[in-house]
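See below for the structure under consideration.
Bear in mind the structure is a predicted one, so any value in this text is a computation, not a measurement. Counting starts at 1 for both ligands and their atoms, in listed order.
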Amino acid sequence: MKTLWQHCHVASMAQGTYSIIEDAAIVTSGALIEWIGPRSEVPAGNYAERHDLAGAWVTPGLIDCHSHTVFGGNRSGEFEQRLQGVSYAEIAAAGGGIASTVRATRAASEDELFDSARKRLKSLLRDGVTSVEIKSGYGLDLASERKILRVIRRLGAELPVSVRSTCLAAHALPPEYAERADDYIEHICAEMLPALAAEGLVDAVDAFCEYLAFSPEQVERVFVAAQKLGLPVKLHAEQLSSLHGSSLAARYHALSADHLEFMTEEDAIAMARAGTVAVLLPGAFYFLRETQLPPMEALRKHGVKIAVASDLNPGTSPALSLRLMLNMACTCFRMTPEEALAGVTLHAATALGMDKTHGSLEAGKVADFVAWQIDRPADLAYWLGGDLEKRVVRHGVEVDL
Ligand code: DI6
Ligand code: FE
């Protein structure tokens with residue numbers, strides 16, 4: 001069934017630039033874009049449906065390529081503590097931080113986790129998100145990681161969004177393994193990853209490379225195990241210190257290295273060579289009041305693709321709007337609105353290994369797009385959150401938000 005969408009302008013984001021088509025039209029056939037171009041050149045045809053987009057600006061559906069949407073509890077109490085001057089590291093050392101979310105997540109039922117995550121995910125969807133990556137990592141034992149990953153799969157099955165699931169078992173050291181980080185890494189590699197992968201619950205494998213999490217040597221063992229299972233890797237790297245996790249990620253041809261405030265120019269060169277995407281997370285930067293900026297000039301100079309994501313998590317980025325992250329990427333990191341939009345469309349798709357089918361509006365790609373009632377594409381990064389008037393189309397069908 002062919003559908004014609006017209007009376008719009010398009011920022012197709014092909015090649016990661018606006019690639020504007022004024023007075024455009026889009027022909028979809030089932031879930032795919034069959035044709036896109038100036039309205040004056042629309043192929044003649046028998047269209048089953050015609051939609052008037054009322055002068056909207058059409059962009060690809062937004063892609064949030066880094067989130068921890070599934071967790072128990074929340075940490076607004078720690079937010080208050082931090083405002084009294086207690087640091088994130090001090091809270092973590094006192095048993096709070098990730099450990100407190102792990103306790104709440106282990107205690108929650110699968111249905112409870114689903115219900116709370118569903119609400120957060122719906123908030124992202126109402127902001128124009130049509131694809132999202134969600135990580136496990138608040139379970140830290142086989143049964144609890146499985147529970148989270150099953151919830152992630154269920155979110156993708158029940159909500160109008162394409163969901164990629166990432167196993168982040170190497171997020172933090174669970175209490176049962178206190179002082180035995182190497183044993184926990186061994187458990188991840190020998191038991192958890194093979195079991196979870198065999199159950200079809202894992203699309204990629206992530207780890208947290210940081211002095212308060214896992215060393216580059218430990219991360220490398222996780223990468224080797226992931227690659228044996230044929231799973232792509234990604235990494236939380238250089239968020240709080242410079243351990244060159246991003247260079248390690250590049251050596252393993254990681255899809256992405258994420259955070260990166262403390263990365264060096266050498267890391268950027270390695271990532272550019274490997275095609276590893278730099279995923280910047282301005283919500284965490286803002287929420288932690290970080291002052292070290294990611295090296296934007298080095299990333300640009302060496303041609304590293306830059307994505308932007310919510311990092312939606314209870315500790316460092318309780319971000320329920322991806323568009324707000326666009327504004328923060330521009331305001332905090334001095335990205336241009338065009339770079340930021342590429343960061344939540346084409347480059348985000350690359351960070352998830354789905355750029356052949358998603359992330360830009362081109363014939364042959366999946367028909368995931370948003371028709372925004374805005375004056376210019378830069379408006380998406382300009383307004384601070386809020387609910388912009390829009391129509392969302394996923395797989396060629398209008399979504400009811
Ligand atoms: N980096 C982060 O910012 C989050 N995880 C990570 O590896 C923090 C997660 C949390 O504090 O709950
Ligand atoms: Fe994260």
Original post:
N/O/S atom of Asp311 under 2.8 Å from the Fe ion (ligand 2), yes or no?
Top reply: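 Asp311 does place an N, O or S atom closer than 2.8 Å to the Fe ion (ligand 2).
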**OP:** Taking both backbone and side-chain atoms into account, decide whether His259 has an N/O/S atom under 2.8 Å from the Fe ion (ligand 2).
**Re:**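 It does not: His259 brings no N, O or S atom closer than 2.8 Å to the Fe ion (ligand 2).
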Ligand-residue contact atoms, ligand 1 with [X], heavy atoms, under 4.0 Å:
X      : value
Thr316 : 2 (C), 3 (O), 4 (C), 8 (C), 11 (O)
Gly315 : 10 (C), 11 (O), 12 (O)
His236 : 1 (N), 6 (C), 7 (O)
Asn313 : 4 (C), 8 (C), 9 (C), 10 (C), 12 (O)
His259 : 1 (N), 2 (C), 3 (O)
Gln239 : 1 (N), 2 (C), 3 (O)

Taking heavy atoms and a distance under 4.0 Å, where does [X] meet ligand 1: side chain, backbone, both or neither?
X      : result
Tyr138 : side chain
Leu281 : neither
Arg75  : side chain

N/O donor-acceptor pair under 3.5 Å between [X] side chain and [Y] backbone:
X      : Y      : answer
Arg106 : Gly139 : yes
Asp127 : Ser321 : no
Glu145 : Gly137 : yes

Subject >> Residues Arg153 and Asp203 bridged, charged N to O under 4.0 Å >> reply: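 Here Arg153 pairs with Asp203 in a salt bridge, since their nearest N and O are under 4.0 Å apart.
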Subject >> Sub-4.5 Å side-chain heavy-atom contact between Phe114 and Glu158 >> reply: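 Yes; the side chains approach each other to less than 4.5 Å.
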Original post:
How about Glu362 and Ile33: do any of their side-chain heavy atoms sit closer than 4.5 Å?
Top reply: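 They are not in side-chain contact.
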Subject >> Metal site angle (apex the Fe ion (ligand 2)), NE2 from His236 and NE2 from His68, 10 degrees >> reply: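 Value, to the nearest 10 degrees: 100°.
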Original post:
What residue and heavy atom of the protein are closest to atom 5 (N) of ligand 1, and at what distance?
Top reply: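 Checking every protein heavy atom, the shortest distance to atom 5 (N) of ligand 1 gives His171 NE2, 2.8 Å.
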Original post:
Which residue owns the protein heavy atom closest to atom 11 (O) of ligand 1, what's the atom, and how far is it?
Top reply: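 For atom 11 (O) of ligand 1, the nearest protein heavy atom is Tyr88 OH, 2.5 Å.
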Subject >> Axial cation check for Tyr382 ring with Arg376, 6.0 Å and 45° limits >> reply: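 Judged by the rule (NZ or CZ under 6.0 Å from the ring centre, within 45° of its axis), Arg376 is not positioned above Tyr382.
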Original post:
Quick one: is the NZ or CZ of Arg120 closer than 6.0 Å to the six-membered ring centre of Phe71, and within 45° of its axis?
Top reply: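 The answer is yes; both the distance and angle limits are met.
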**OP:** Rounded to the nearest 0.5 Å, what's the gap from CG on Leu201 to SG on Cys167? Could you check?
**Re:**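 The distance works out to 9.0 Å.
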